[in-house]
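Read the structure below first, then the notes.
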Amino acid sequence: MSASHPFPHSSFKAYDIRGVVPTALNPAFARELGRGLAARAHAVGVTTMVVGRDGRLSSPELAGALQEGMRQGGINTIDVGQVPTPLVYFAAYTLKTGSGVAVTGSHNPPEYNGFKMMMGGGTLHGDAILALRDEVAAGPAHATTPGEAKSVDILTPYLARVLGDIKLKRPMKIAIDCGNGVAGAVAPQLFRGLGCEVTELFCEVDGTFPNHHPDPAEPHNLEDLIHCVQTTDCEIGLAFDGDGDRLGVVTKSGQIIWPDRQLILYARDVLERCPGETIIYDVKCSRHVAVQIRAAGGKPLMWQTGHSLIKAKLAETGAPLAGEMSGHVFFKERWFGFDDGLYTGARLLEILSRSANPSAVLEALPQGVSTPELKLEMREGEPHALIKRLQNEGVFEGASEIVKIDGLRADYPDGFGLARASNTTPVVVLRFEGDSVEALARIQDAFRKQLLALAPHVKLPF
C-alpha cells in the first residue's frame with residue numbers, strides 16, 4: 001500500500017472486510033487481498049475461487065483487482081459478474097469450489113465497499129479474518145504458475161433451481177423494493193417466474209442509491225413500499241438490502257413484519273416436514289420465537305448474533321432452518337443453508353399463496369410490545385468492557401433466565417431485555433420486549449439501573 005493509502009487494518013471486521021473507497025479499499029489493496037486469499041486457499045487444498053460483485057460504482061475495479069491477485073497467487077478464478085451476494089454463495093456450492101468472495105458494501109453508504117469471503121465451505125469470520133489481515137499486511141508472495149480466469153453465467157442455473165423448488169398455490173400480486181441495490185438485477189425476473197404480478201420500486205441497479213438507502217431494517221426505508229402496497233392492489237411488499245441477502249416484509253395495512261416474526265412462519269412450515277428438528281435463532285429475537293417453535297414441535301436453539309456465527313452453528317447442528325433479527329434467514333431444508341433474501345422471499349410467498357389474505361396471516365403472528373435495536377454509542381473498546389462487567393456484576397431480580405452467550409439477555413415471564421456489544425462498530429446494542437407497555441417499561445428500568453451503576457457517564461438511548 002502507498003503512503004497516501006496506508007494498510008486498512010481497521011477495515012477487517014468480525015464478519016467481513018468493509019471500508020471507504022479509495023482511502024481504505026482500492027485496487028492495490030484488493031490485489032494484495034487476492035494474493036492473501038490465494039495463499040490461504042492453497043493451504044486448505046482449494047484451487048478455484050468464485051468472485052461476484054454488487055452494483056456499487058467501485059465494485060467492478062475492486063473485483064477485477066481481487067481476481068488478478070488471486071491468479072498471481074496461483075488460484076483459478078470464476079467471475080460470475082454483477083450478482084447479489086447469495087448468487088456468489090450459490091456458485092461456490094454448485095460449481096463445487098466451496099470458496100468465493102462477494103465484493104459488496106452491503107447496506108453501507110455509497111462511498112463504502114467490502115468483501116464477504118467463504119473458504120472451503122465455511123464463511124471466514126472472527127479470528128480467521130484477523131489472521132488473514134496479518135497475512136495480507138505481510139505482503140503475500142506471487143506463485144510460480146499463475147491461475148486461470150473464466151466467466152460463468154450463474155443467474156440462469158440459479159433461477160432454474162429456485163423456480164424448480166418453489167411452487168405457489170395461486171398467482172400473487174406483490175410489490176418489490178430493491179433500493180437500487182444489486183437484488184434488482186434478479187428479483188423482478190425471479191418473482192415473475194414464480195407467477196407473480198410484480199410492481200417494481202427502484203429495481204434499476206444504481207450504486208449512488210438515489211431514492212433511499214437499501215436497508216430494510218430501518219423503517220423509514222420502507223415508506224415507499226408501504227405507500228405502494230396501500231395504494232395499489234398489491235397484496236404484500238418485499239424489500240431487499242443492498243446485496244440481496246436480507247429481506248424486509250410489509251403488509252397491506254402498512255405493518256412491518258420484522259424478521260423474528262417471519263421466522264415463526266418459516267419454522268412452522270419447515271417443522272411440518274422436519275418434525276422435532278432444531279431451529280436456530282439469535283439473541284435479539286422475540287421470546288415468542290422459542291415459544292412458537294416448541295408449539296410447532298421443534299427444538300428452539302438461541303445463538304450468537306452474526307450471519308457467519310449462525311451459519312457455523314447451522315452446519316454444526318444440521319438444523320433445517322436458522323434466522324436472525326437483522327433479516328438473514330438460512331434454509332437448509334430444500335436449500336443450501338446460506339442466507340438469501342431472494343430465496344427467503346420466494347419461500348414466504350409459497351406459504352402465503354395458500355391463503356386468500358396473506359396480510360392477515362402475517363399480522364396474526366404473535367408479537368410483544370418491543371423496541372427496535374437501540375444503540376448506545378461509546379468509544380472504541382468500551383462496549384465489550386461494559387458488557388463483561390454487566391455479565392459479572394449485573395443483578396436482574398425476577399428474571400427467569402440469564403443468557404450470556406452474546407452479551408447479556410434477561411428473560412422474564414412477560415418479556416426480555418438484551419445488551420450486547422456490536423462486533424462491527426463501537427456501540428452497545430439494546431433491545432427490549434414486553435407483553436405490555438408496563439412490562440416493557442419495568443424491564444427497561446431494570447437495565448437502566450444496572451447500566452448506569454456501571455457506567456454513570458453514558459447517555460442511554462431509552
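Below, all heavy atoms of this structure are taken into account, side chains as well, without hydrogens, waters or symmetry copies.
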> Is the Phe338-Tyr93 ring centre distance short of 6.0 angstrom?
Replying inline: yes
> Taking it one step at a time, do Asp339 and Tyr89 satisfy side-chain contact (heavy atoms from CB on, under 4.5 Å)?
Replying inline: CA-CA 9 Å; Asp339 39 336; Tyr89 300 151; 3.6 Å; yes
Name the atoms and distances for all side-chain donor-acceptor pairs under 3.5 Å in residues 130-138, with sequence neighbours left out.
unit_1: Glu135; atom_1: OE1; unit_2: Arg40; atom_2: NH2; d: 3.3
unit_1: Glu135; atom_1: OE2; unit_2: Arg40; atom_2: NH2; d: 2.8

> Is Glu393 salt-bridged to Lys388, cutoff N-O under 4.0 Å?
Replying inline: no
Within 45° cone and under 6.0 Å: [X] NZ/CZ vs [Y] ring:
| X | Y | answer |
| --- | --- | --- |
| Arg409 | Phe416 | yes |
| Lys311 | Tyr15 | no |
| Arg431 | Phe462 | no |

> With sequence neighbours left out, what residues match Asp340 under salt bridge (charged side-chain N to carboxylate O under 4.0 Å, His left out)?
Replying inline: none
> Got a sec, which residues hit salt bridge (charged side-chain N to carboxylate O under 4.0 Å, His left out) with Arg31, two or more places apart in sequence or on another chain?
Replying inline: Glu68
Does [X] reach the main-chain N or O of [Y] with its side chain, forming a donor-acceptor pair under 3.5 Å?
| X | Y | result |
| --- | --- | --- |
| Thr278 | Gly298 | no |
| His227 | Leu225 | no |
| Ser11 | Ala24 | no |
| Asp445 | Ala441 | no |
| Glu433 | Arg287 | yes |
| Ser359 | Lys252 | yes |

> Among His107, Lys116, Arg56, whose side chain to side chain donor-acceptor pair (under 3.5 Å) with Asp243 holds?
Replying inline: Lys116
> Between Phe209 and His213, what is the ring plane arrangement, given parallel below 30°, perpendicular above 60°, and tilted in between?
Replying inline: perpendicular
> For the residue pair Trp335 and Tyr343, does the interplanar ring angle fall in the parallel (under 30°), tilted (30 to 60°) or perpendicular (over 60°) class?
Replying inline: parallel
Exercise answer: donor-acceptor pairs, residues 299-308 side-chain atoms, under 3.5 Å, sequence neighbours excluded:
unit_1: Lys299; atom_1: NZ; unit_2: Gly276; atom_2: O; d: 2.8
unit_1: Thr305; atom_1: OG1; unit_2: Asp282; atom_2: OD2; d: 2.7

> Could you give all pairs that pass the ring pair (Phe, Tyr, Trp, His ring centres under 6.0 Å) test and reach residues 274-302, with sequence neighbours left out?
Replying inline: none
> Can Arg261 and Gln292 be said to form a side-chain hydrogen bond (donor to acceptor under 3.5 Å, both in side chains), step by step?
Replying inline: CA-CA 10 Å; Arg261 288 179 81 197; Gln292 294 298 318; over 6 Å; no
If I take atom [atom1] from residue [X] and atom [atom2] from residue [Y], how far apart are they, to the nearest 0.5 angstrom?
| X | Y | atom1 | atom2 | value |
| --- | --- | --- | --- | --- |
| Ile176 | Leu247 | CD1 | CG | 11.0 Å |
| Glu324 | Arg246 | CD | CZ | 9.0 Å |
| Leu342 | Phe191 | CG | CZ | 6.0 Å |

>> Checking Ser286 against Asp260 for the side-chain hydrogen bond (donor to acceptor under 3.5 Å, both in side chains) test, could you report, in this order, the C-alpha distance in whole Å, the side-chain angles of both residues, the deciding distance, and whether it holds?
In response: CA-CA 6 Å; Ser286 166; Asp260 53 352; 4.6 Å; no
>> I'd like to know whether His212 forms a side-chain hydrogen bond (donor to acceptor under 3.5 Å, both in side chains) with Asn180, so could you lay out the CA-CA distance, the side-chain angles of the two residues, the decisive distance to 0.1 Å, and finally the verdict.
In response: CA-CA 8 Å; His212 65 73; Asn180 299 110; over 6 Å; no
>> Under the rule for side chain to side chain donor-acceptor pair (under 3.5 Å), what residues qualify as partners of Asn357, not counting sequence neighbours?
In response: none
> With distance as the sole criterion, is a donor-acceptor pair present between the side chains of Asn113 and Ser59 under 3.5 Å?
Replying inline: yes
> Looking only at side chains, do Thr104 and Ser106 share a donor and an acceptor under 3.5 Å apart?
Replying inline: no
> Take atom CD in Glu111; do more than 12 heavy atoms of anything else shown fall under 6.0 Å from it?
Replying inline: yes
> Hey, mind stepping through Ser253 and Glu363 against side-chain hydrogen bond (donor to acceptor under 3.5 Å, both in side chains) and telling me if it holds?
Replying inline: CA-CA 9 Å; Ser253 73; Glu363 291 176 2; 2.6 Å; yes
